[in-house]
Amino acid sequence: MIDRRPFAKLGGANHGWLDAKHHFSFASYYDPNNMGWGPIRVWNDDTIAAGTGFPPHPHADMEIITYVRDGAITHQDSLGNTGRTEAGDVQVMSAGSGVRHSEYNRETQTTRIFQIWIEPKVRGGAPHWGAKPFPKDDRAGQFVVLASGLDGDGDALPIRTDARVLGATIKAGETAEYRLGAGHHAYLVPATGAIDVNGIRIEARDGAAIVDEAVLTVTAIDDAEIVLVDAA
């Protein structure tokens with residue numbers, strides 16, 4: 001089953017400095033029938049104006065993955081970590097027992113991100129943060145694991161949940177496949193470009209909520225950049 005979630009119908013709010021679209025119930029957008037997809041609790045599509053951002057605020061017991069689509073995001077947290085993550089790259093914060101952090105667009109251009117929250121397997125534990133560049137050439141025509149809590153994904157950023165976050169860049173007319181774990185929930189969003197997923201057309205920034213599909217066959221209608229979460 002693939003349920004298309006059109007971008008135009010997403011919840012959200014425009015705060016001027018932040019134009020946020022929410023694939024699931026979040027902040028002032030509340031929908032008791034759309035509280036997440038499996039353990040995937042949040043998928044926000046955020047457009048952040050230059051020189052603005054999120055001031056320090058707390059998190060606990062959540063795996064928070066930020067995929068930068070355009071521009072860059074600068075992170076600072078109560079653990080002493082600081083870092084700048086550029087377009088195409090990923091940062092992960094395992095909030096664990098609790099951490100405060102800020103995220104700012106220190107650039108002179110607009111920054112666009114996907115921020116994804118996945119529920120951890122267990123609560124508590126020491127919080128941690130990490131970031132890593134993932135060259136887009138490595139993702140050409142195939143799904144590459146960016147963050148993972150599954151065995152065998154040692155090159156990916158670690159998260160404390162049975163899930164993978166993957167990225168792919170696919171040229172128009174080309175196809176990539178991904179085999180889902182049995183009983184897993186998947187959520188897929190093209191950052192750019194229209195795609196076909198098992199016969200369902202998904203436009204740029206639409207969501208696709210997926211379950212009971214053994215294999216995803218993704219064909220790019222346009223040149224496309226895709227983010228996929230595969231979660232137990």
Side-chain angles (χ1 to χ4, degrees), residues 1-12 19-24 26 34 36-38 40-48 65-73 85-91 110-118 133-148 156 163-180 184-231:
M1 186 276 288
I2 299 175
D3 180 21
R4 175 177 169 245
R5 311 282 178 88
F7 176 77
K9 294 185 178 181
L10 298 180
D19 187 2
K21 298 295 185 182
H22 309 312
H23 285 262
F24 308 118
F26 186 84
N34 187 28
W37 187 245
I40 307 165
R41 176 60 189 86
V42 169
W43 192 307
N44 289 344
D45 181 327
D46 290 340
T47 300
I48 307 166
I65 301 98
T66 303
Y67 182 95
V68 182
R69 295 154 47 210
D70 295 298
I73 202 79
T85 305
E86 299 182 348
D89 297 338
V90 177
Q91 67 173 16
T110 299
T111 287
R112 296 177 177 86
I113 66 172
F114 289 149
Q115 189 166 94
I116 301 160
W117 297 11
I118 308 174
F134 289 93
K136 288 192 177 183
D137 288 348
D138 293 350
R139 287 174 267 168
Q142 64 179 340
F143 284 97
V144 171
V145 183
L146 309 176
S148 177
R164 286 189 178 112
V165 180
L166 306 105
T169 56
I170 308 175
K171 294 289 188 183
E174 295 183 352
T175 296
E177 288 191 346
Y178 179 75
R179 185 171 297 277
L180 287 178
H184 284 204
H185 286 69
Y187 202 83
L188 179 152
V189 182
T192 59
I195 61 175
D196 178 287
V197 183
N198 292 9
I200 305 296
R201 183 180 175 117
I202 308 295
E203 303 289 344
R205 301 169 76 185
D206 286 355
I210 302 163
V211 69
D212 296 329
E213 300 279 342
V215 178
L216 300 182
T217 301
V218 180
T219 300
I221 298 167
D222 311 310
D223 290 355
E225 179 181 357
I226 302 160
V227 180
L228 167 68
V229 174
D230 172 11

* To do: Give a yes or no answer on whether the side chain of Asp46 reaches the backbone of Ala20 with a donor-acceptor pair at less than 3.5 Å.
  =>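 Here the side-chain-to-backbone pair does not exist.
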* Please lay out, stage by stage, how Thr110 and Asp70 fare under the test side chain to side chain contact (heavy atoms under 4.5 Å, CB included). => CA-CA 7 Å; Thr110 299; Asp70 295 298; over 6 Å; no
Might you point out which heavy atoms bring [X] and [Y] nearest each other, and give the distance in Å?
X      : Y      : value
Tyr67  : Val90  : CD1-CG2, 3.8 Å
Val42  : Phe26  : CG2-CD1, 3.7 Å
Ala186 : Trp37  : O-NE1, 3.0 Å
Tyr178 : Arg164 : OH-NH1, 3.3 Å
Lys171 : Ala220 : O-CB, 3.3 Å
Ala176 : Gly141 : CB-O, 3.5 Å

Would you give the length of the straight line joining atom [atom1] of [X] to atom [atom2] of [Y], rounded to the nearest 0.5 angstrom?
X      : Y      : atom1 : atom2 : value
Asp230 : His184 : CG    : NE2   : 5.5 Å
Arg205 : Phe114 : CZ    : CZ    : 7.0 Å
Asp223 : Glu174 : CG    : CD    : 8.5 Å
Leu188 : Leu216 : CG    : CG    : 7.0 Å

* Residue among Leu10, Asn44, Asp45 satisfying side-chain contact (heavy atoms from CB on, under 4.5 Å) with His22 ->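 Single side-chain contact (heavy atoms from CB on, under 4.5 Å) partner of His22 among Leu10, Asn44, Asp45: Asn44.
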* Asked: Of Val211, Val215, Asp212, Ile210, which is the lone residue that meets side-chain contact (heavy atoms from CB on, under 4.5 Å) with Leu180?
  ->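 Result for side-chain contact (heavy atoms from CB on, under 4.5 Å) with Leu180: Ile210.
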* Salt-bridge criterion met for Glu225 and Lys136 (N-O under 4.0 Å) ->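 Yes, Glu225 and Lys136 are salt-bridged.
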* To do: Go through the side-chain N and O atoms of Gln115 and Thr66 and say whether any donor and acceptor fall under 3.5 Å apart.
  =>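 Indeed, the side chains of Gln115 and Thr66 share at least one donor-acceptor pair under 3.5 Å.
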* To do: Any chance you could lay out the side chain to side chain contact (heavy atoms under 4.5 Å, CB included) test for Val68 and Asp89, step after step, and finish with the verdict?
  => CA-CA 6 Å; Val68 182; Asp89 297 338; 5.8 Å; no
* Pair Leu146-Ile65, side chain to side chain contact (heavy atoms under 4.5 Å, CB included): steps then yes or no -> CA-CA 10 Å; Leu146 309 176; Ile65 301 98; over 6 Å; no
* Check step by step if side chain to side chain contact (heavy atoms under 4.5 Å, CB included) holds for Val165 and Ile118. => CA-CA 10 Å; Val165 180; Ile118 308 174; 4.3 Å; yes
* **Listed once per pair and sorted, the ring-ring contact (aromatic ring centres under 6.0 Å, His included) pairs that draw on residues 191-228, sequence neighbours left out** =>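 Of all non-adjacent pairs touching residues 191-228, none passes ring-ring contact (aromatic ring centres under 6.0 Å, His included).
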* To do: Please list all pairs passing the ring-ring contact (aromatic ring centres under 6.0 Å, His included) test where one or both residues lie in residues 187-218, with sequence neighbours left out.
  =>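 Listed by first then second residue: His23-Tyr187, Phe24-Tyr187, Trp43-Tyr187.
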Within a strict 4.5 Å, meaning less than it, do heavy atoms of the [X] and [Y] side chains meet?
X      : Y      : result
Ile48  : Ile73  : yes
Thr175 : Thr217 : yes
Val197 : Glu213 : no
Ile195 : Ile170 : no

* To do: Mind checking salt bridge (charged side-chain N to carboxylate O under 4.0 Å, His left out) for Arg201 and listing every partner two or more places apart, or none if nothing turns up?
  =>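 Per chain and number, Arg201 pairs via salt bridge (charged side-chain N to carboxylate O under 4.0 Å, His left out) with Glu203.
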* Can you establish whether the number of heavy atoms outside Arg179 located under 6.0 Å from its atom CZ is more than 12? =>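 Open.
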